[in-house]
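Okay, so here's the structure we're looking at.
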2 protein chains.
Amino acid sequence: MKGKATSFDIAHLAGVSQSTVSRALRNSPLVKPETIEKVQRIARELNYKVDKHASSLRSQQSATLALLLFEDPTTDDSLINPFFLSMLGSITRACARQGFDLLVSFQQLSDDWHADYEDSHKADGIILLGYGDDVDYQPKLQQLDRQGTRYVRWGPLSEGSGLSVGCDNRQGGQDATEHLIRLNRRRIAFIGNASHHYPEFFARYQGYVRALMEAGLSVEPALQQDAITTEQAGYDAVEALLQRGTRFDALFAASDLIAVGAMQALQAHGLRVPEDVAVMGFDDIPVARFASPPLSTVRQDTKLAGEQLVESLVRQIRGEPVRSTTIPTRLIARKSCGEG
Amino acid sequence: MKGKATSFDIAHLAGVSQSTVSRALRNSPLVKPETIEKVQRIARELNYKVDKHASSLRSQQSATLALLLFEDPTTDDSLINPFFLSMLGSITRACARQGFDLLVSFQQLSDDWHADYEDSHKADGIILLGYGDDVDYQPKLQQLDRQGTRYVRWGPLSEGSGLSVGCDNRQGGQDATEHLIRLNRRRIAFIGNASHHYPEFFARYQGYVRALMEAGLSVEPALQQDAITTEQAGYDAVEALLQRGTRFDALFAASDLIAVGAMQALQAHGLRVPEDVAVMGFDDIPVARFASPPLSTVRQDTKLAGEQLVESLVRQIRGEPVRSTTIPTRLIARKSCGEG
DNA sequence: CTGAAAGCGCTTACAG
DNA sequence: CTGAAAGCGCTTACAG
C-alpha cells in the first residue's frame with residue numbers, strides 16, 4: 001500500500017463494498033454491527049482517516065467554523081486586544097466539543113473577507129469578533145445577510161440583521177457607576193466613544209448616565225471624553241480632560257485597556273489612584289489584576305460567551321431555531337476604586 | 001442561477017470551456033490575457049469563489065496550516081499561557097501573508113490529534129506549540145516523523161527529529177543571571193523545572209549555571225526549585241524555598257507567569273521586591289510591564305518567532321530546503337531587579 | 001443489511 | 001492558446 005489508504009483499500013481488505021465502508025465508518029445503523037466493527041478495526045490498523053475534502057465536497061458541509069477577528073485599522077498591528085484573545089481560547093474549546101474545526105483569521109475592516117469563507121465552502125459559518133466603527137461595519141453585515149451566510153456576531157443586537165451574542169453593557173455600565181457613587185464619588189468622568197459608531201461603548205455610557213440620574217447627579221458633557229480601546233487612547237483622554245481643566249474624582253473607562261492607560265496618565269500627573277481619582281474599567285482582562293493599583297472592573301464572562309457564540313452558530317447551521325442572547329456581567333471590586 | 005455559481009456557469013457565460021475558466025482564474029500564462037480578463041470579470045460579477053474542497057481534493061493540497069497548542073493536563077482549563085496567545089497572533093498574520101488558512105486547535109497531550117490533521121488532509125502541515133513534559137511528548141513527534149507529516153515545532157532542537165524554531169534559551173538564561181550578578185546579587189534562586197523533561201527551562205537553567213560559574217559563584221542545589229508555568233506554581237515554589245530556610249537575594253523564574261506568582265508569595269511573606277529579593281522572569285508577556293513592581297524579563301520575539309514558524313513550514317511543504325533556527329532573546333530591565 | 005453507480009466541483013495531463 | 005475527458009475520494013439515492 002503506497003500513499004494514504006482510501007476507503008477502497010479498506011473495502012478490499014474487509015471484503016465488502018466501498019459504500020459499506022463509508023457507512024460503517026460513520027456508524028450507520030444500516031450496517032450490521034459486526035461489519036462495522038471489522039471495518040473500523042481495519043481502518044484503525046491502516047491508520048486511515050476520511051479525507052476531509054472528499055467528504056466535504058460530496059456532503060456540502062465542512063464541519064468547520066471560521067473566526068474572523070476584525071480590527072480598527074488604527075490599532076497597533078502587533079497587539080491584539082487581550083479580551084478577544086481570551087474569547088478565542090474559549091471559542092476554540094467550544095468548537096472542539098461540538099466536533100467543528102476552527103479557522104482563524106484577523107482582518108482589516110477594509111479587506112474583502114466577507115464573501116470568502118462561506119462562498120468558498122471553507123466554513124459552514126462565521127463567528128465575527130471585533131472592534132472598530134460599527135457604522136463602517138454595517139455594510140459588511142448586510143452583505144452577509146444578503147448572501148444568506150450563516151454568522152453570529154459578538155456584540156449588540158443589531159436592528160433587523162443577523163444573530164448576535166453580547167453582554168449586558170448597559171447594566172454593566174450602570175453597576176460600575178453605581179459602585180463609584182456608593183464610594184462617594186460625585187464627579188465621574190466617562191472615557192470612551194459614546195456614539196452609535198461604538199454601540200457597546202455607547203451602551204456602557206447609557207448605563208453610566210442612568211446611574212447618575214437615578215442618584216440625582218447631573219450628566220456633564222465635559223466629563224465625557226472619546227477614546228478607542230487602546231492604552232494610548234486612555235492616556236491621551238486623561239490628558240485631554242486635565243488640559244481642559246475638568247475636575248473629576250472618579251473615572252469610568254469603557255475598557256480595561258483604556259483604564260490602564262488612564263491610570264498611567266493620572267499617575268504621571270501626580271494624581272493618586274484611588275485617593276484622588278477612583279478608576280473603573282470594563283472587561284477584566286488578565287492585566288487588570290496586576291495593574292497598580294489592581295483595577296476594579298466589570299467582568300465579561302468570556303468562557304460563557306465563547307460557548308454561546310459557537311452553540312448559536314452550530315444550531316443555526318443545523319437549521320434549529322436560534323435567538324440572539326445577552327449574558328450578564330459581574331462587578332469586580334479591586335483597589336483602584338478604594339476600599340474594594 | 002440558483003445556488004452558488006460553478007466554473008461551468010462562468011464557462012457558459014464567457015463562451016469558453018470550463019478548463020479554460022479554471023486556468024484563467026489562476027492566471028495561467030497559457031491563457032490569452034483578454035480571456036483571463038473576461039473570465040475574471042464574470043467571476044467577480046457572479047460573486048464566484050473557487051470551491052475549496054473541490055480544488056483541494058483534486059490538487060491534493062489544502063493551502064491550510066494547523067496550529068496545535070498542546071497543554072499540560074494539569075493546566076487550568078480556562079487559562080492559556082499569554083505567551084502562546086501572542087504567538088498565535090503573529091502566526092495568524094504570517095499565514096495570511098503567505099496565503100494559507102490557519103486551523104487552530106488546543107489539545108491535551110493525551111488526545112489522539114497527531115494522526116488527524118495531515119492524514120485527513122485538513123492541513124498541509126502542522127505548527128506545534130506547547131508546554132508540558134517533553135519526554136511524554138516525544139512519542140508523538142516520532143509518530144509524526146514516521147508518518148512523514150510535515151510539521152515545525154516551537155522549542156529546542158530535538159536530536160534527529162523534525163524541524164524546530166526556538167529562541168536561545170541558554171543565552172537568555174545567562175543574560176538574565178549576569179544582570180542579577182551585575183546588580184550585586186549573589187544568592188540567586190532558580191525557579192522552574194530543570195531537567196530534560198522541560199528542555200527549554202533546562203536550557204535557561206544551564207545559562208544560569210554558566211553565568212554563576214563564570215562569576216565564580218557556586219551552584220547550590222538548594223537554590224533550585226521546580227515549577228511548571230503557572231502563577232500558582234511560582235507562588236508555591238517560593239513558599240517551598242522559604243519553608244526550607246533557603247536564603248536568597250534574587251530569583252530567576254523560568255517564565256513570567258512563575259515570576260508573577262513568585263512575587264506575590266514574596267510580598268505575602270513581607271519581603272520587598274527588589275530591595276530584599278530581585279526578581280527576573282522570562283518571556284515578556286503583557287502582564288510583565290504591569291506587575292508591581294514591573295518585572296524585568298527576557299523577551300522572546302513572538303512576532304519574529306511566528307513568522308519563522310510559518311515560513312519554515314511553508315518552505316518544507318513546498319519542498320524547499322529548511323533548517324531549524326534559533327532566534328535571539330533580549331533582556332528587558334525593569335524595576336523588579338532594582339535600578340533598571 | 002449490502003452493492004453498483006452517480007456525482008460533488010474542481011485541476012491537469014493529453015491532444016490539438 | 002483552448003477543449004474534451006479523466007479522476008481526486010468520498011456520500012448517498014437507488015435497487016435489491
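A note on names: the letters A, B, ... follow the listed sequences, proteins ahead of strands, and every chain is numbered from 1.
A distance of 8.0 Å separates OG of B:Ser90 from CG of B:Leu304, quoted to the nearest 0.5 Å. Note that CD1 of A:Ile91 and CD of A:Glu307 are 10.5 Å apart. Values are rounded to the nearest 0.5 Å.
One finds a side-chain N or O of A:Gln60 lying less than 4.0 angstrom from the OP1 or OP2 phosphate oxygen of C:dG9. Residue B:Ser22 places none of its side-chain N or O atoms closer than 4.0 Å to OP1 or OP2 of C:dG9. Of the side-chain N and O atoms in B:Arg26, one or more sit less than 4.0 angstrom from OP1 or OP2 of C:dT12. Look at B:Thr20 and you'll find a side-chain N or O under 4.0 angstrom from OP1 or OP2 of D:dG3.
No more than 12 heavy atoms of other residues, nucleotides or ligands shown are found within 6.0 angstrom of CD on A:Glu37.
The interatomic distance linking A:Gln61 (CD) with D:dT11 (P) rounds to 11 Å, in whole Å. Going from atom CG of A:Leu30 over to atom C1' of D:dA13 covers 12 Å, rounded to whole Å. Computed from coordinates, the B:Phe8 CZ to C:dC8 P distance equals 9 Å when rounded to whole Å. The NE2-P distance, from A:His12 to D:dG9, rounds to 17 Å in whole Å. Taking atom CZ of residue A:Arg58 and atom P of nucleotide C:dG9, one finds them 10 Å apart after rounding to whole Å. Remark: C1' of C:dG9 and NE2 of A:His53 are 14 Å apart, rounded to the nearest angstrom. One interatomic measurement links the two molecules: NZ of A:Lys49 to C1' of D:dC8, which rounds to 21 Å at whole-angstrom precision. One atom, CG of A:Leu25, and another, P of D:dT11, lie 8 Å apart when rounded to the nearest Å.
Nucleic acid contact for B:Thr35: sugar-phosphate only, since backbone atoms but no base atoms lie under 4.0 Å from a heavy atom of the residue. Contacts of A:Ser19 with the nucleic acid, taken as non-hydrogen atoms under 4.0 Å apart, include base atoms.
Of the nucleotides present, none pairs with C:dA4 by Watson-Crick or G-U wobble criteria with both distances under 3.5 Å. Of the nucleotides present, none pairs with D:dA13 by Watson-Crick or G-U wobble criteria with both distances under 3.5 Å.
Nearest to the side chain of B:Leu57, among D:dT11, D:dC8, C:dC8, sits D:dC8. Checked against D:dT2, C:dC10, D:dC10, the side chain of A:Ala54 finds its nearest nucleotide in D:dC10. When each of D:dT11, D:dA4, C:dC10 is scored by its nearest atom to the side-chain atoms of B:Ser17, the top-ranked nucleotide is D:dA4. Checking C:dG3, C:dT12, C:dG9 against the side-chain heavy atoms of B:Asp51 singles out C:dG9 as nearest.
Using P as the reference atom, C:dA5 and C:dC1 are 24 Å apart when rounded to the nearest Å.
Using the six-membered ring where Trp is involved, B:His121 and A:His53 have ring planes that are perpendicular, over 60° apart on the 30 and 60° scheme.
Inter-residue side-chain proximity for A:Phe100 and A:Leu313 is flagged as unmet; no heavy-atom pair is nearer than 4.5 Å.
With hydrogens and angles ignored, a donor-acceptor pair under 3.5 angstrom links the side chain of B:Arg23 to the base of D:dG3.
Taking 4.0 Å as the cut-off between side-chain N and carboxylate O, B:Lys38 and B:Glu34 do not count as a salt-bridged pair.
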